[in-house]
Amino acid sequence: MDMKRIFLIGYMGAGKTTIGKELAKHLSLSFIDLDAYIQSKYRKTIAEIFDNLGEKEFRKIEKKTLNEVSLIEDVVISTGGGAPCFFDNMEVMNNAGVTVYIEAEPEELASRLLASKTVRPLIAGKSKEELIPFISEHLKKRERYYNKAQIVYHTDRMISKDEVNFTVSGLEELLRNIIAK
Ligand code: S3P
């Protein structure tokens with residue numbers, strides 16, 4: 001494969017952005033975070049877009065932006081947790097490059113989300129006790145989209161730098177075999 005384009009998908013808090021940034025460095029590719037790209041393009045935070053325009057409009061913006069970044073070459077793109085679940089986005093990504101589902105357990109996702117400063121409108125204000133069952137239910141609905149990814153990569157704890165490095169190195173090895181073909 002001459003041109004390299006890797007999409008990271010998965011639930012909120014899975015570590016797509018953290019992994020994506022490091023992975024891009026390891027593979028000497030550029031890195032795009034779809035939400036960050038939307039925020040700078042529209043000069044609004046994701047929370048503001050949800051508040052001002054509603055989720056439906058956010059999904060349209062997300063789709064349009066995904067189509068745009070899917071043309072960029074030699075890049076790792078991390079996407080928002082809902083992106084694969086709307087329109088034909090999963091097909092767009094599968095046609096444009098290698099898709100990787102960053103999979104994690106609801107308990108792990110919940111603790112990462114509770115520690116995060118990013119405002120995520122879909123889970124705003126939920127306590128840990130509410131979050132775990134919410135994520136379990138939500139994941140069940142989303143998994144059928146996530147599982148269309150070409151690679152499913154399971155992650156465990158990713159708190160320390162060493163744990164992140166371990167995760168990224170494993171994924172890098174897997175991907176090197178695929179993108180070298
Ligand atoms: C969303 C995930 C968020 C962001 C928005 C909606 C979702 O991205 O796109 O808040 O529907 O799961 P992260 O997965 O980076 O948190």
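First listed ligand is number 1; within each ligand, the first listed atom is number 1. In what follows, every heavy atom counts, from backbone to side chain, and hydrogens, waters and symmetry copies are set aside.
- The pair E55-R59 meets the salt-bridge criterion, with a side-chain N (NZ, NE, NH1 or NH2) lying under 4.0 Å from an Asp/Glu carboxylate O.
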Return a table of N or O atom pairs, ligand 1 on one side and protein on the other, at distances under 3.5 Å, rounded to 0.1 Å.
from	atom 1	to	atom 2	distance (Å)
ligand 1	8 (O)	D35	OD2	2.8
ligand 1	9 (O)	D35	OD1	3.0
ligand 1	9 (O)	D35	OD2	2.8
ligand 1	11 (O)	R59	NH2	2.7
ligand 1	11 (O)	G82	N	3.4
ligand 1	11 (O)	R142	NH2	2.7
ligand 1	12 (O)	G82	N	3.2
ligand 1	12 (O)	R142	NH1	2.7
ligand 1	12 (O)	R142	NH2	3.4
ligand 1	14 (O)	K16	NZ	2.5
ligand 1	14 (O)	G81	N	2.8
ligand 1	16 (O)	R120	NE	2.6
ligand 1	16 (O)	R120	NH2	3.3

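- The side-chain tip of K25 does not point at the ring of F31 from less than 6.0 angstrom away and within 45° of straight on.
- Salt bridge annotation for K16-D33: absent, with no cationic side-chain nitrogen under 4.0 angstrom from a carboxylate oxygen.
- Under the 30°/60° scheme for interplanar angles, the aromatic rings of Y146 and Y11 are found to stand perpendicular.
- Between the side chains of N94 and K148, no donor-acceptor pair of N or O atoms lies under 3.5 Å.
- Side-chain contact between P121 and F58 is absent, with no heavy atoms from C-beta onward closer than 4.5 Å.
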